[in-house]
Trainee: 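Dropping the structure in here first, questions after.
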Amino acid sequence: MNKITNHQLFRLIVAHFAEIIREPAVIFWGVVFPILMAWGLGIAFTQKGGAQVNLAIVTSDSNHKKLHDPKLFSFLEANAVKKDSSFSLALTNQKLGDTKLSYFVTSSSNAFKMLKKGEVSVIIEADSTGSRYYFDPANAEAKAAYRIASNVSAYGIASYGSNQQEIRPLSLSGTRYIDFLIPGLLGMGIMMASCWGISYTIIDRRSKKLLRRMVATPMRKSNLLFALITARFVMNLAEALLLFLFAWLYFGVKIQGSWPALILLFIAGNIAFSGISILISSRTANSEVGNGIINAIVTPMMVVSGVFFSYHNFPDWIIPAIQWLPLTLIADSFRNIFNEGAGFTDVWREALALTSMGIGSFAMGMKLFKWY
Amino acid sequence: MTEVPYIVEVRKVKKSFKEVQAVKGVSLTIKPGEFIALLGPNGAGKTTLVEMIEGIQHPDQGEIFIAGKQWKSHRHELHLLIGLSLQETRFMDKLTAYETMRLFASFYKLNSNRVDEIFTLIGLDDKKKAFVDNLSGGQRQKLALGVALLNNPQILLLDEPTTGLDPNARREIWNILLDLRKRQNTSLILTTHYMEEAEYLCDRIVIMDQGNILAEGTLHEILTLGGGHRSLDELFISLTGRHLYE
Ligand SMILES: Nc1ncnc2c1ncn2[C@@H]1O[C@H](COP(=O)(O)OP(=O)(O)OP(=O)(O)O)[C@@H](O)[C@H]1O
Ligand SMILES: [Mg+2]
């Protein structure tokens, strides 16, 4: 009779956990999808090894008048490997890393098509008077491509490898895009899993009249919510560990700061979003309405909280507001711990803020909560 | 508790939802071991009345006593006393029938022995391991009945427990209920749209329409009431000018 396995809290946690892990979609969206996202974005934005720069050379103007720059072509003939109508130029620099320039000789209309598709970042119009470089100066990648290409054609390919003495490469970890991304994804995982996992479950239960059936028994209401939150927390922890494991093994992402501080923050983040989830699911019994509410909470934070890119690109006046969003608090503090070696003293305020948000929302949610 | 003459006593209870007056001042008493049926067309207020007795909805006016106690002050105690099935409940799709029953058993601090007993009682032994998702409609209703019976309730409140069941399954449920009364003097409040069910199972029939009780008594009593009607439908026409079921 007093066996733990007969206790209602135990059975509620088991039931909720079973419900989570038996849903294949949950496993996909919770575990596989974040890893795929980290992998895809990590590959796309983290340069491993040599850089690749693509340029187009326009050989005729819009009137089909033949353009010809003997200097540029003789430079390429001498230094680059020619294949069909393209040249590939290998530049070496021990400290900067090697760079490969690919020049595609093509018509001007095709060159602009390639530029729009992102296949080339610079267009070179070459004739006897010299070379003209067309690119968007606001695009840092294009600007760098221009500098390299114009330098080597003026001073020779050896110039790329010169000045070795003045370059002092920093091998700081925590400065790559993937180092920025992973803490953000971990925070986003907590938000998404809590909001969909807890809120949606409650709303769905309410609409199926299961909530009212359960509270028409001696079950303690607090046990039901506690079990729901606990099962979610365990799942969130597993998902976070798997994502971190992947990032660590595949990209070498490291936690430079304090593990206990990270755990504290993880718990605080879960408290915050559990509370918010209870609040947003406190009344509606309509899953469509529920969908809308959850999206309205989750989507803005996903965009502004700096999961994928820094929120410092937003106007200055709005940044303080963004910084107090729960997802921003989590993502920023995770980043501090991961990349800047932060410890307890650096993140306790954020942890406290998150916990208060969670408890406040929970209390408000309980006031509004419709069990029947 | 059986010293109380009435196990359930409903006094002048009213309930409205915005413009709809779902229950308009209903009084009703039920003795221990008595089976009563609530009969009436859709929207008559049967579910609303039953859910107020179950403590799920709160009357706007009037009082409800169960074993002499009220929901406000004796919630936990009354929960232990009643068993119920709602008109529509979907249990968790991804749990098995057995896990569902274990879950509800834990609310009453009951162990797996009681769960096994219930499965035998409702005749779902071979479906213990099936996911709720994969049960047929009738099997789900049996599961809901099993959940209602877990705590050996003194009062059983079943809202359309046999709707959509085939005649055999319906008869099985009737037998389970009659057997329960024989063994432990359970009281039953049942809502139904089947006149033969009310007739076969219940001591008393309560006919509701538009939030009021139109007639109440044994089948014989209510038929002779308005001057010798041959069927409930005929009685209903004489009371309201409408058919009970079109
Ligand atoms: N939550 C609610 N909000 C608004 N109106 C409601 C609500 N619940 C019931 N009603 C209304 O109260 C009236 C009685 O409903 P109730 O469910 O009690 O009928 P019923 O006799 O059980 O009908 P049925 O045989 O269809 O189950 C109906 O008019 C219904 O529309
Ligand atoms: Mg009903």
Side-chain angles (χ1 to χ4, degrees), chain A residues 1-27 30 197-198 200-228 230-232 235 285-287 369-372, chain B residues 17 47-48 50-58 71 74-96 98-115 131-134 140 143-144 147-151 153 155 157 159:
Chain A
M1 202 54 113
N2 42 26
K3 266 198 304 189
I4 174 98
T5 52
N6 291 328
H7 195 277
Q8 56 169 271
L9 187 55
F10 177 86
R11 298 243 66 100
L12 279 164
I13 293 174
V14 167
H16 288 126
F17 200 70
E19 203 187 24
I20 295 172
I21 59 173
R22 284 175 189 165
E23 183 61 70
V26 170
I27 302 295
I198 297 175
Y200 199 80
T201 306
I202 291 177
I203 293 167
D204 187 55
R205 295 271 166 80
R206 194 182 282 119
S207 79
K208 288 178 175 168
K209 304 273 164 87
L210 183 52
L211 216 49
R212 71 163 61 193
R213 181 63 190 86
M214 288 171 102
V215 295
T217 70
M219 181 196 73
R220 289 181 60 155
K221 294 170 183 168
S222 54
N223 279 344
L224 174 66
L225 295 179
F226 184 75
L228 200 57
T230 307
R232 241 311 126 195
M235 199 58 203
N286 181 325
S287 15
F369 209 90
K370 255 169 85 172
W371 288 98
Y372 298 108
Chain B
F17 303 100
T47 297
T48 308
V50 168
E51 291 194 346
M52 285 191 288
I53 300 173
E54 291 164 345
I56 291 175
Q57 302 199 41
H58 307 289
W71 279 106
H74 294 83
R75 204 161 187 85
H76 185 76
E77 216 171 305
L78 293 187
H79 275 316
L80 293 172
L81 223 56
I82 66 164
L84 60 104
S85 74
L86 301 174
Q87 186 167 356
E88 34 173 337
T89 297
R90 299 271 315 273
F91 293 112
M92 296 187 209
D93 287 341
K94 295 288 167 201
L95 292 193
T96 64
Y98 185 78
E99 288 165 339
T100 304
M101 201 65 84
R102 270 311 293 266
L103 178 65
F104 277 88
S106 75
F107 301 159
Y108 299 97
K109 299 192 166 78
L110 297 167
N111 59 21
S112 56
N113 295 340
R114 180 62 184 157
V115 169
F131 285 111
V132 170
D133 217 5
N134 300 334
R140 280 181 211 184
L143 184 67
V147 171
L149 297 178
L150 265 169
N151 58 327
I155 310 144
L157 300 113
D159 201 349

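As a basis for the values below, the full set of heavy atoms in this structure was taken, side chains included, without hydrogen atoms, waters or symmetry mates. Chain identifiers are assigned alphabetically (A, B, ...) following the order of the sequence lines, protein sequences preceding nucleic acid strands; residue numbering begins at 1 within each chain.
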Trainee: Return the set of residues passing ring pair (Phe, Tyr, Trp, His ring centres under 6.0 Å) with B:Phe91 (not counting sequence neighbours), or none when no residue passes.
Mentor: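 Counting only residues at least two positions away or on another chain, B:Phe91 forms a ring pair (Phe, Tyr, Trp, His ring centres under 6.0 Å) with B:Phe104.
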Trainee: Heavy-atom cut-off 4.5 Å, strictly under: side chain, backbone, both or neither for A:Val14 against chain B?
Mentor: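 Nothing of A:Val14, per the 4.5 Å heavy-atom cut-off to chain B.
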Trainee: What pairs with A:Lys208 under salt bridge (Lys or Arg N to Asp or Glu O under 4.0 Å), at least two apart in sequence or on another chain?
Mentor: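 Result, salt bridge (Lys or Arg N to Asp or Glu O under 4.0 Å) vs A:Lys208: A:Asp204, B:Asp93.
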Trainee: In sequence, state the C-alpha distance, the side-chain angles, and the governing distance for A:Arg212 and B:Ile56, and then conclude on side-chain contact (heavy atoms from CB on, under 4.5 Å).
Mentor: CA-CA 7 Å; A:Arg212 71 163 61 193; B:Ile56 291 175; 3.7 Å; yes
Trainee: Can you check whether B:Tyr108 reaches A:Gln8 side chain to side chain, under 4.5 Å on heavy atoms?
Mentor: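 In short, these two side chains do not touch, never coming nearer than 4.5 Å.
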Trainee: Pick from B:Ile82, B:Asn151, B:Thr89: which one has the most heavy-atom pairs with chain A under 4.5 Å?
Mentor: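 Of B:Ile82, B:Asn151, B:Thr89, B:Thr89 has the most heavy-atom pairs under 4.5 Å with chain A.
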Trainee: Please step through side-chain contact (heavy atoms from CB on, under 4.5 Å) for the pair A:Leu12 and B:Leu103, ending with a clear verdict.
Mentor: CA-CA 7 Å; A:Leu12 279 164; B:Leu103 178 65; 3.7 Å; yes
Trainee: Could you list which of residues 219-226 of chain A have a heavy atom closer than 4.5 Å to any heavy atom of chain B, in residue-number order?
Mentor: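 Residues in range: A:Met219.
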Trainee: Between NZ of A:Lys3 and OG of B:Ser112, what distance do you get to the nearest 0.5 Å?
Mentor: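 Answer rounded to 0.5 Å: 6.0 Å.
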Trainee: Is it the side chain or the backbone of B:Glu99 that comes within 4.5 Å of chain A heavy atoms, both, or neither?
Mentor: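 Only the side chain of B:Glu99 comes within 4.5 Å of chain A.
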Trainee: For each of B:Lys94, B:Glu54, B:Gln87, tally heavy-atom pairs with chain A at distances under 4.5 Å, and name the one with the top tally.
Mentor: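 Answer, by heavy-atom pair count under 4.5 Å with chain A: B:Lys94.
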Trainee: Dump the intermediate steps for side-chain contact (heavy atoms from CB on, under 4.5 Å) on B:Leu84 and A:Arg213, then the final yes or no.
Mentor: CA-CA 8 Å; B:Leu84 60 104; A:Arg213 181 63 190 86; 3.9 Å; yes
Trainee: Could you list the residues that satisfy salt bridge (Lys or Arg N to Asp or Glu O under 4.0 Å) with A:Arg205, not counting sequence neighbours?
Mentor: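 A:Arg205: salt bridge (Lys or Arg N to Asp or Glu O under 4.0 Å) contacts with A:Glu19.
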Trainee: Counting only non-hydrogen atoms closer than 4.5 Å, does B:Glu51 touch chain A with its backbone (N, CA, C, O), its side chain (CB onward), both, or neither?
Mentor: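 Contact with chain A involves the side chain of B:Glu51 alone.
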Trainee: Which residue in the set B:Glu77, B:His76, B:Lys109 passes side-chain contact (heavy atoms from CB on, under 4.5 Å) when paired with A:Pro218?
Mentor: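 Passing option: B:His76.
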Trainee: Measuring from A:Thr201:OG1 to B:Met92:CE, what's the distance to the nearest 0.5 Å?
Mentor: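 Going from OG1 on A:Thr201 over to CE on B:Met92, the span is 9.0 Å.
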